[in-house]
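What follows is a short report on a single structure.
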Protein chains: 2
Amino acid sequence: MASDEGVPSGVDLVDVLRAVADPIRLRIVQTLADGRPHGKCGAHWDFGVHKSTMTHHFRILREAGMTRTIVTGRTHSIQLCRDELDARFPGLIEALTVDCRARSVGTTG
Amino acid sequence: MASDEGVPSGVDLVDVLRAVADPIRLRIVQTLADGRPHGKCGAHWDFGVHKSTMTHHFRILREAGMTRTIVTGRTHSIQLCRDELDARFPGLIEALTVDCRARSVGTTG
DNA sequence: GCGATGGTATGACGAACATCCAACGGTAGG
DNA sequence: CCTACCGTTGGATGTTCGTCATACCATCGC
């Protein structure tokens, strides 16, 4: 491993794809797509799964190089690495979020 | 199985993501991204895996609603449903192929 | 220090997955 | 019809994945 060629590696497309290839994690990424940090205990994460399961999903996202965690006291916030992701895989996050964007448009008004 | 819907409405983003979240299948999709049909026994598919393994991967892609198979005599060709995919998930295929496109650009004059 | 809250680590378990191997079915050619 | 080729099907197997339950650590508030 660790084959840093001229390309800015560290994040593999397959790893990213595998990370978002899950209903819960895809939803997390879509929610995080605004680029702002979100608390891990937020009400958005009401997937009906166990607490440790969420930790697991957050870990997958993090290990895929998609998110970073900000620790503030005893609360953890998670943030999508939009800039890096957009730089490495242009249009990917947008393509992933266009699905939920389409839901917002049309339901309102 | 309701495989004769014809309409890509049954295609789920997570299914598509799960389909491409594999090195071999991602490569297949990238190769098929030109929209043209490719033979299943083509030289492109030299992944060093068993014949039946390729059949398996082709099946995953098809069941995800990403490809269709064209049978001509004893040879099968596979084709990416670009139009339907692009209509349903705008920018997704492009984002998936921008990776290999970047390799082509710059190496060739 | 004690209890409550927020999050992680570990272990277990069933389901899904990728892979191979062997056998089968359909088509082209002699 | 028989042989050769192309691709699929079914079974077997080892691995990865998603989930839960429990235990554990850190911080906040009293």
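Order of the sequence lines fixes the chain letters, A, B, ..., with proteins taken first and strands second; residue numbering starts at 1 for each chain.
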Next item on the list: Tell me, please, which residues at least two apart from B:Arg82 pass side-chain contact (heavy atoms from CB on, under 4.5 Å).
Entry: B:Ala33, B:Leu80, B:Asp86, B:Ile93, B:Glu94
Check: Same cluster for A:Phe47 and A:Val20 if Ile/Leu/Val/Met/Phe/Trp/Tyr side chains link at under 4.5 Å?
Finding: yes
Next item on the list: To the nearest Å, give me how far apart CG (B:Leu61) and P (C:dC17) are.
Entry: 14 Å
Notebook entry, point to check: Taking atom P of C:dA16 as reference, at what distance in whole Å does atom CG of A:Asp22 sit?
Noted result: 14 Å
Next item on the list: Taking only the side-chain heavy atoms of A:Cys41 (C-beta and beyond), determine which of C:dG7, C:dT19, C:dA18 contains the nearest atom.
Entry: C:dG7
Margin query: Can you measure A:Met54 atom CE to D:dT19 atom C1' for me and round it to whole angstrom units?
Written below: 13 Å
Notebook entry, point to check: Taking only side-chain nitrogens and oxygens of B:Thr55, does any of them come within less than 4.0 Å of OP1 or OP2 of D:dG7?
Noted result: no
Checklist line | Distance-minimising heavy-atom pair for B:Ala64 and B:Val11 | finding: O-CG1, 3.5 Å
Pairwise N/O distances under 3.5 Å, protein to nucleotides 20-27 of chain C:
from, atom 1, to, atom 2, distance (Å)
C:dC20, OP2, B:His50, N, 2.5
C:dC20, OP2, B:Thr53, OG1, 2.9
C:dC21, N4, B:Ser52, OG, 2.5

Margin query: So does B:Leu32 get a backbone contact from the side chain of B:Gln79, meaning a donor-acceptor N/O pair under 3.5 Å?
Written below: no
Next item on the list: Return the value, rounded to whole Å, for the distance between atom CZ of A:Arg59 and atom C1' of D:dT16.
Entry: 15 Å
Next item on the list: Figure out the CZ/C1' separation between A:Phe58 and D:dG18, and round it to whole Å.
Entry: 15 Å
Check: Considering only D:dT19, D:dG7, C:dG6, which nucleotide approaches the side chain of A:Ile24 most closely?
Finding: D:dT19
Next item on the list: Say whether A:Ile24 and A:Val29 are linked into one hydrophobic cluster, either directly or through other cluster members, by side-chain heavy-atom distances under 4.5 angstrom.
Entry: yes
Checklist line | Smallest separation among heavy atoms of B:Leu96 and B:Gln30, with atom names | finding: O-NE2, 3.0 Å
Next item on the list: Assign B:His57 to base, sugar-phosphate, or nothing according to its heavy-atom contacts below 4.0 angstrom with the strands shown.
Entry: sugar-phosphate
Notebook entry, point to check: CZ of B:Phe47 versus P of C:dT19: gap in Å, rounded?
Noted result: 10 Å
Notebook entry, point to check: With sugar-phosphate meaning primed atoms plus P, OP1 and OP2, does B:His56 contact a base, only sugar-phosphate, or nothing at under 4.0 Å between heavy atoms?
Noted result: base
Check: How close or far is atom C1' of D:dT27 from atom NZ of A:Lys40, stated in whole angstroms?
Finding: 15 Å
Check: How about A:Arg59: does its CZ atom have over 12 heavy atoms from other parts shown lying under 6.0 Å from it?
Finding: no
Checklist line | Rounded interatomic separation in angstrom, taking CZ from A:Arg62 and C1' from C:dG7 | finding: 12 Å
